[in-house]
Amino acid sequence: MKITLKVWRQKNAADKGGFQTYQLDNVSPDMSFLEMFDVLNEELLSKGEDPIHFDHDCREGICGMCSMYINGKPHGPKQTTTCQLHMRSFHDGQTITVEPWRAKAFPVVKDLVVDRTSFDRIIQAGGYVSVNTGGVPDANEIPIPKKVADEAFDSATCIGCGACVAACKNASAMLFVSAKISQLAMLPQGKVERKTRAEQMIAQMDEEGFGACTNTGACSAECPKEIKLENIARMNREFYTAKAKSENV
Amino acid sequence: MAATGLFLIIFLLVHLTGNLQLLKDDGGEAFNVYAQFMTSNPLIKTTSYLLYATFLVHIIWAVILSVYNRKARPVGYAHNKASSTWSSRNMGILGTIVLIFLIIHLKNFWYEMHWGGIPTVAYEGESYKDLYAVVDKAFAEWWIVALYVVSMIGLMFHLYHGFQSAFQTLGLNHPKYNALIKGVGTAFAVIVPALFAAIPILMFLERS
Ligand code: HEM
Ligand code: SF4
Ligand code: FES
């Protein structure tokens, strides 16, 4: 396959940056999108040029590092991560535009790499259970309806990739935060701190400069883990209850 | 946004029932009696102040929200097509269309009814302001009719997103009720503005 790549290049956070075009003549349709970048980078290195910086880690769709805005969508045309996207999803001769996530709370570090530590700080603000809840309990020692367990698990599959923020017209992090709040609020160990958690995580989310949700649904439509909008409604409920009844005055 | 939006939705229903009196074939009597009642009844008067406040809060909050959200993405994408509905992405523009309409609409009728010089008519010995005549005259102009139709299309799209969105914001999202909320919301968004738009169209056609 022949591919024309238009890639965002930016030396550092202070640099203005701009697009640069690369011509690739020998792309295999079986390559992953990141492998295509590897090949291009080898070529750039051999020519003594600065390779294109991008984030990646697991390359199996579970770490959430591979942030790239490809042809107008986070992680490209398929609802998956960039590492799980293959060149067969494009056609021969296609021009592909690749940009970093765009959000005030995700500043560009270099090229396609953005700083997503704002997500970590939100988790640090309350996305945990404070006490050690012991080892794995015997099955059914604490009865939890299957439906609830499944839903908590679905919410827990969020990999913190930030595609929801990238896709949202308001750069809102509500899908991510709501998944994290939900996963804990639905299970007995997490319920104890639910009010403080909702208050603190949402306060941190605002502090980081993420936008406010206007329910467009782009986040869920682009989320590689198909995190549902129900989580955001649940987070809103958690927030109202916390504001009305929490011990923190 | 959600609380004020839902209150405005209830207002639309009340306003529509009143306005449909315009289509009665009685020379405007039912409408004029209704209009007089709406401007003199103390309970309705109190509610109307609440309504003005609701509009103001909704609009001011909309501006704050739009500015806040714009700040969250200082640098935009060169190429963007993430999936969401067109109306959900353009609530601000759609709301502005409704606002421009509202200003013209209030000047034409609301201002006239309260402070303008309107001729009076008498029904059963009682004197009423003939607002019907004012409305009838306005809707003889094709461009006013066109303005109403275009604005109501704007309202239609605003409500298509807004109705459902309000429930989500309030935390009401449950598989049991989602289909109902979406169904009622879509029906409301289409039918109510369509009926509002039908009034000037029908009155215009009746004249010509
Ligand atoms: C007068 C000018 C108006 C302006 C400038 C305006 C603007 C807005 C904006 C910017 C939003 C939030 C954006 C979003 O949720 O995506 C919104 C939401 C909404 N608007 Fe309006 N609007 C206006 C009039 C109306 C009217 C007349 C109604 C109803 C009859 C209405 C009902 C709603 C509802 C239900 C929402 C959704 C609330 C939520 O998402 O939480 N608006 N409006
Ligand atoms: S909610 Fe989905 S899109 Fe957002 S961070 Fe989690 S996995 Fe990524
Ligand atoms: S590299 Fe880990 S999810 Fe893509």
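Quick note on labels: first sequence line is chain A, next is B, and so on, each numbered from 1. As a basis for the values below, the full set of heavy atoms in this structure was taken, side chains included, without hydrogen atoms, waters or symmetry mates.
Sparse packing is recorded around CZ of F157(B), with 12 or fewer heavy atoms of other residues, nucleotides or ligands lying under 6.0 Å away. Under a cut-off of 6.0 angstrom, the local environment of CG in D25(B) is sparse, with at most 12 non-hydrogen atoms contributed by other residues, nucleotides or ligands. Other residues, nucleotides and ligands place no more than 12 heavy atoms under 6.0 Å from the CH2 atom of W143(B). Heavy atoms of other residues, nucleotides or ligands lying less than 6.0 angstrom from CZ of F167(B) number more than 12. Around CD of Q94(A), the count of heavy atoms belonging to other residues, nucleotides or ligands within 6.0 Å exceeds 12.
In terms of non-hydrogen atom pairs under 4.5 Å with chain A, the most contact-rich of R89(B), H174(B), K71(B) is R89(B). Looking only at heavy-atom pairs under 4.5 Å with chain A, the residue among T85(B), L170(B), N173(B) that has the most is N173(B).
Proximity of a side-chain donor or acceptor of H79(B) to a complementary backbone N or O of E99(A) within less than 3.5 Å is not detected. For the pair R73(B) (side chain) and C168(A) (backbone), a donor-acceptor distance under 3.5 Å is present. A donor-acceptor pair is defined here as one N or O able to donate and one able to accept, closer than 3.5 Å; no such pair exists between the side chain of R102(A) and the backbone of P74(B).
Separating the OG1 atom in T214(A) from the CE atom in M1(B) is a distance of 10.0 Å, to the nearest 0.5 Å.
The contact between F19(A) and chain B is made entirely by side chain atoms (from C-beta outward), counting heavy-atom distances below 4.5 Å. Residue F210(A) touches chain B through its backbone alone, counting heavy-atom pairs closer than 4.5 Å.
The shortest non-hydrogen separation linking A72(B) to G209(A) is CB-O, 3.5 Å. Residues N69(B) and A212(A) share a closest heavy-atom pair of OD1-N, 2.5 Å. The heavy-atom pair separating A82(B) from A167(A) by the smallest distance is CB-O, 3.7 Å.
Below 4.5 Å, heavy atoms of chain B meet heavy atoms from L229(A), E230(A), I232(A), A233(A), N236(A), R237(A), Y240(A), all part of residues 226-243 of chain A.
No side-chain heavy atom of N170(A) sits less than 4.5 Å from a side-chain heavy atom of Y68(B).
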